**Student:** 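Quick one: this structure, given as structure tokens, is what I'll be asking you about.
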Amino acid sequence: MKLLRYTYRKLSLLLLFLIAVWGVLFYYTIIDEVVDETDDTLENYANILVNSALHDPSVLETNGSMMSFYSFRPISEREGIHYRQTFYDSTVYIEIEDEDEPVRVMRTAFRMPDGQYYELTLMISILERDDMVEAMLWYLGALFLLFLVTTSIGIRLILKGVFSPLQRLLNWLHSIEPGKELPPLDNPTQIREFRELSQAAVDMGNRSYRAYEEQKQFIENASHELQTPLAIARGKVELLAESETLTEQQMKELDAIYTTLGRAVKLNKSLLLLSRIENGQYAETEDVSVDEVIDHLLPDLLDIYEHKQIRLSRQHGEHPFRIRCNHSLAQILLSNLIKNALLHNQDGGELHVVTTPRSLTIKNTGDEPLDADKLFRRFYHSVKGKKDSTGLGLAIAQTIAKASSLRLTYEWREGMHCFLLVKESQKHS
């Protein structure tokens with residue numbers, strides 16, 4: 001989830017909660033004020049009625065109208081002395097409308113000049129109050145919704161402006177490519193934290209670029225320096241092998257040394273190649289036809305392993321399988337896969353190379369399945385006794401595949417080793 005959306009959602013939920021609490025408090029405050037006003041009206045009306053009854057006792061025999069009903073009831077002196085004035089909501093049956101109407105009721109007591117106590121029950125219709133409360137709820141809801149929408153839009157616009165320097169910084173980080181100088185960062189902002197973050201990102205990028213250049217230079221120098229003594233050592237072994245005074249045992253030992261030195265040379269070149277691939281030094285890419293590369297490689301590789309008398313089955317679709325890759329790396333990738341299938345094939349075995357517009361399948365006969373979890377690891381030897389193997393061929397192939405957005409997998413199918421190469425977006429069927 002984006003930071004802007006996350007912050008906006010949190011603030012919106014907080015705002016919604018606060019407005020809801022404010023709305024409830026506001027509603028009950030208004031209701032309390034309305035009830036107080038109604039009770040004050042009842043008290044004023046009650047005072048008028050009591051004063052009228054004190055001056056004119058005949059009022060005690062009267063009743064109020066429908067909207068302001070009142071009645072008098074004589075009570076005992078004991079009740080009158082201990083009487084407590086009360087207010088409450090109730091209903092009154094209206095015969096004309098044949099329904100109960102809500103009223104606010106006040107009960108109080110007073111004493112006439114002759115010493116008799118009376119209870120006054122006074123009722124006022126609160127239909128208008130309920131209508132006012134209903135209208136107030138509608139207006140309050142509309143105000144709540146309008147305030148929430150406008151505030152949410154305002155918060156989103158403000159947050160979008162506040163976080164725009166962060167978005168520009170992210171876009172700048174995505175534009176950085178390994179092995180290339182940093183692009184300029186134009187990210188002006190008044191927020192100190194974002195300025196410091198931008199500066200830290202630029203500093204980190206510069207340090208990474210310098211470290212990358214130093215590492216690349218070190219690898220190239222180390223490889224070059226190793227090649228020279230290895231070549232000298234192999235040359236001296238060749239000179240020694242030409243000596244006529246060597247015994248057969250000494251010749252065997254020199255041959256073993258020469259083979260080991262040759263493996264060291266291949267290992268050095270392979271590790272250098274892996275490092276260059278992972279460091280992105282093969283940045284130039286193009287559309288490469290896998291079919292053309294394979295058809296170019298197969299005759300030479302079959303000649304090298306002619307002694308194994310391997311039977312080739314070559315199938316291809318109507319359209320070639322094209323990948324976006326560095327051409328040299330594509331040749332290394334396909335060469336390693338085919339070499340692996342030939343080297344570890346059985347004498348008189350089969351090699352199936354099948355291409356479709358979306359995939360490449362290389363199958364060769366074998367004795368038992370390999371460990372798919374370890375097969376593409378560096379220095380893993382899947383077959384014992386292959387001393388001339390560096391254990392890096394499939395690791396290099398997997399590294400090239402990943403760098404070119406390809407997926408390389410292994411399966412054991414019907415007594416054959418099967419390597420499948422597809423584009424990353426394709427699903428393995």
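Treat the numbers as computed from the prediction; the structure is a model and nothing was measured.
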**Student:** Could you note down all residue pairs passing salt bridge (charged side-chain N to carboxylate O under 4.0 Å, His left out) where residues 20-38 supplies at least one of them, sequence neighbours left out?
**Tutor:** none
**Student:** Please, which pairs that meet salt bridge (charged side-chain N to carboxylate O under 4.0 Å, His left out) have at least one residue in residues 311-333, sequence neighbours excluded?
**Tutor:** Asp287-Arg324, Asp291-Arg314, Asp295-Arg314, Arg311-Glu350
**Student:** Which residues satisfy the side-chain hydrogen bond (donor to acceptor under 3.5 Å, both in side chains) test with Tyr45, sequence neighbours excluded?
**Tutor:** none
**Student:** Does any donor atom in the side chain of Glu43 or Asn47 lie under 3.5 Å from an acceptor atom in the other side chain?
**Tutor:** no
**Student:** Using 30° and 60° as the class limits, which term best fits the ring planes of Tyr70 and Phe72: parallel, tilted or perpendicular?
**Tutor:** perpendicular
**Student:** Distance-only criterion, 3.5 Å: show the donor-acceptor pairs between side-chain atoms of residues 135-150 and protein atoms not counting sequence neighbours.
**Tutor:**
unit_1 : atom_1 : unit_2 : atom_2 : d
Thr150 : OG1    : Leu146 : O      : 2.8
Thr150 : OG1    : Phe147 : O      : 3.1

**Student:** What pairs of residues pass the salt bridge (charged side-chain N to carboxylate O under 4.0 Å, His left out) test when at least one of them lies in residues 182-193, not counting sequence neighbours?
**Tutor:** Arg192-Glu196
**Student:** Return the set of residues passing side-chain contact (heavy atoms from CB on, under 4.5 Å) with Gln398 (not counting sequence neighbours), or none when no residue passes.
**Tutor:** Phe376, Ala401, Lys402, Leu408
**Student:** Let me know which of Thr365, Asn345, Ile362, Leu351 forms a side chain to side chain contact (heavy atoms under 4.5 Å, CB included) with Met416.
**Tutor:** Thr365
**Student:** Listed by chain and number, what are the side-chain hydrogen bond (donor to acceptor under 3.5 Å, both in side chains) partners of Asp39, not counting sequence neighbours?
**Tutor:** Arg104
**Student:** Mind checking what makes side-chain contact (heavy atoms from CB on, under 4.5 Å) contact with Val21, not counting sequence neighbours?
**Tutor:** Phe17, Leu25
**Student:** With sequence neighbours excluded, what pairs up with Ser208 under the side-chain hydrogen bond (donor to acceptor under 3.5 Å, both in side chains) test?
**Tutor:** none
**Student:** Can you sort out the partners of Ser90 under side-chain contact (heavy atoms from CB on, under 4.5 Å), two or more places apart, ordered by chain and number?
**Tutor:** Tyr88, Val103, Val105
**Student:** How would you list, by chain and number, every residue that makes a side-chain contact (heavy atoms from CB on, under 4.5 Å) with Pro183, sequence neighbours excluded?
**Tutor:** Trp172, Ser175, Ile176
**Student:** Can you name the side-chain hydrogen bond (donor to acceptor under 3.5 Å, both in side chains) partners of Glu77, sequence neighbours left out?
**Tutor:** none
